[in-house]
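Structure record follows, encoded as C-alpha cells.
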Protein chains: 2
Amino acid sequence: MSGGTYGCNKSMEIIIDIDDAMPLFAQLVGQIKKAVISKKMGPGDNLPSIRQLANDLELNNKTVAKAYRLLERDCVIQTKGYRGTFIHPDAEANSTVDLNAWVITKLDETINSFKESGVTDSEIRIAFGNLMNKRNS
Amino acid sequence: MSGGTYGCNKSMEIIIDIDDAMPLFAQLVGQIKKAVISKKMGPGDNLPSIRQLANDLELNNKTVAKAYRLLERDCVIQTKGYRGTFIHPDAEANSTVDLNAWVITKLDETINSFKESGVTDSEIRIAFGNLMNKRNS
DNA sequence: ATATGTACCACCTGACATAAGGGTACAAGT
DNA sequence: ACTTGTACCCTTATGTCAGGTGGTACATAT
C-alpha cells in the first residue's frame, strides 16, 4: 500500500504520498495548514480524531499524533482532550508563520559567528551534540 | 593493540586511550595543551614531526595532522614547514583560553531560546544539519 | 462500554557524518 | 636522498538520529 486520502464533509481533503521525500507527519502538517489557508477549514471546525485519521490515511497513530502535536504547538489547532480537536481561532495567521524560518535564520547567524572566529565544523558539531544530549538528561 | 605513549626527552609524555569516548585527535590536542599549561613544554620547544608522533603513538598520520592543525589555529604551536613544529610563544595563554567555552556558551543560549519557543529537538537538529552541510558545498 | 488525547515502552530501518586509516603526491628546504 | 607539512584520492566502520511502527496504559469524559 502507498499513501491514502481522507475526505471529511467534502470540506477537507488530505493526500499523503508515501513515496514523497517529505516525512509523512510533515506532509500532514502541511496539508492541514494549506487547508486552513485556503479556507477549506476555519476556526472551530472539528478535526477527525487521531485514531480515525490514522485509520483512513493508513498511517500509524503516532504519526498522526506527531502532526497534531506540532500543529497545536503552532496554534493552528486546539486539542480539547476527550472532546476532540478543533481549528484554532488564529489558525490562519499562525499557518503562515514559519517557525522554522526563524530558527534557521538565528542559527545561521550563530554558526557564522563561530566560523568567522576560525572554529572548525567538527568543533561546532561536537559542541552542538554535547548540548543537545546533556540538556535531555 | 590499544593506545600508545610517547616520551620525548623525558619532558613530554602523551597517553592515548583508544577506548576513551573522546576522539583520538581531541585527546592529542588536550594532552599537548596540558603539557604546555603544566610547563612540561615551553615556547620554542620542538615537537615531534607528524609522522614521527603518529608512529610512536600507533596513530595514523592524518589523526596527528588534524591535532596539529587545530593546535596551530589556537596558536599553541607553530608549524614552520620543513623546519618542524614548535611551541608558540604565547602557547600558555592560548592553551587556557578555551575557544570551546565561548562556543558552548553562545550556542547554548541560542538553543535555549529555541526550546523556550517550543521548538522540537528534532527540528533544531534538522535545521543545524542543513546549515552545516549546505555551507560546505 | 466507548472514545478522546496523551504518555510511555520497545523495535527496526535507512541515511548520514564523523573518525580513522591507507595510499600517493607535492613544494620547500636540509 | 631525506624530511618537513600539506593536500588530495578512496575505503571502512562506528555511532547517531529520524522516521515509522507496534503495543500498552492512563485519566477524562460521554
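For clarity, every value in this text was computed on a predicted model and none was experimentally measured. Below, chain A is the first sequence line, B the second, and so on; all start at residue 1.
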A:N112 side chain to A:E116 side chain, donor-acceptor N/O pair below 3.5 angstrom:
no
Sugar-phosphate atoms are those with a prime plus P, OP1 and OP2; base atoms are the rest. Using that split, label each nucleotide of nucleotides 18-30 of chain D B, S or - for protein heavy atoms under 4.0 Å, 5' to 3'.
SSSBBB-B--BS-
How many whole angstroms separate atom [atom1] of [X] from atom [atom2] of [N]?
X	N	atom1	atom2	value
B:N46	D:dG5	CG	C1'	13 Å
A:N61	C:dC8	CG	C1'	14 Å
B:K80	C:dA28	NZ	P	19 Å
B:D19	C:dA19	CG	P	18 Å
B:L131	C:dC16	CG	P	17 Å
A:F128	D:dT16	CZ	C1'	12 Å
A:L53	C:dA3	CG	P	16 Å
A:R69	C:dA7	CZ	P	7 Å

Listing request: all ring pair (Phe, Tyr, Trp, His ring centres under 6.0 Å) pairs with a residue in residues 89-130 of chain B, at least two apart in sequence or in separate chains.
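Matches after skipping sequence neighbours: A:W102-B:F114, A:F114-B:W102, A:F128-B:F128.
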I'd like to check [X] versus [Y] (side-chain heavy atoms, cut-off strictly below 4.5 Å). Are they in contact?
X	Y	answer
B:K115	B:D121	yes
A:V76	A:H88	no
A:T63	A:L28	no
A:I32	A:L47	yes
A:R69	B:T120	no
B:K66	B:V29	no

Closer than 4.0 Å, any side-chain N/O of A:S49 to the OP1 or OP2 of C:dA3?
no
State whether A:T79 places a side-chain N or O below 4.0 Å from either non-bridging phosphate oxygen (OP1 or OP2) of C:dT4.
no
Might you list the N or O atoms of the protein lying below 3.5 Å from N or O atoms in nucleotides 12-15 of chain D, with each pair's distance?
none

What's B:Q78 touching, base or sugar-phosphate or nothing? Going by heavy atoms closer than 4.0 Å.
nothing
Count the heavy atoms of every other residue, nucleotide or ligand shown that sit under 6.0 Å from NZ of B:K106, and state whether that count exceeds 12.
yes
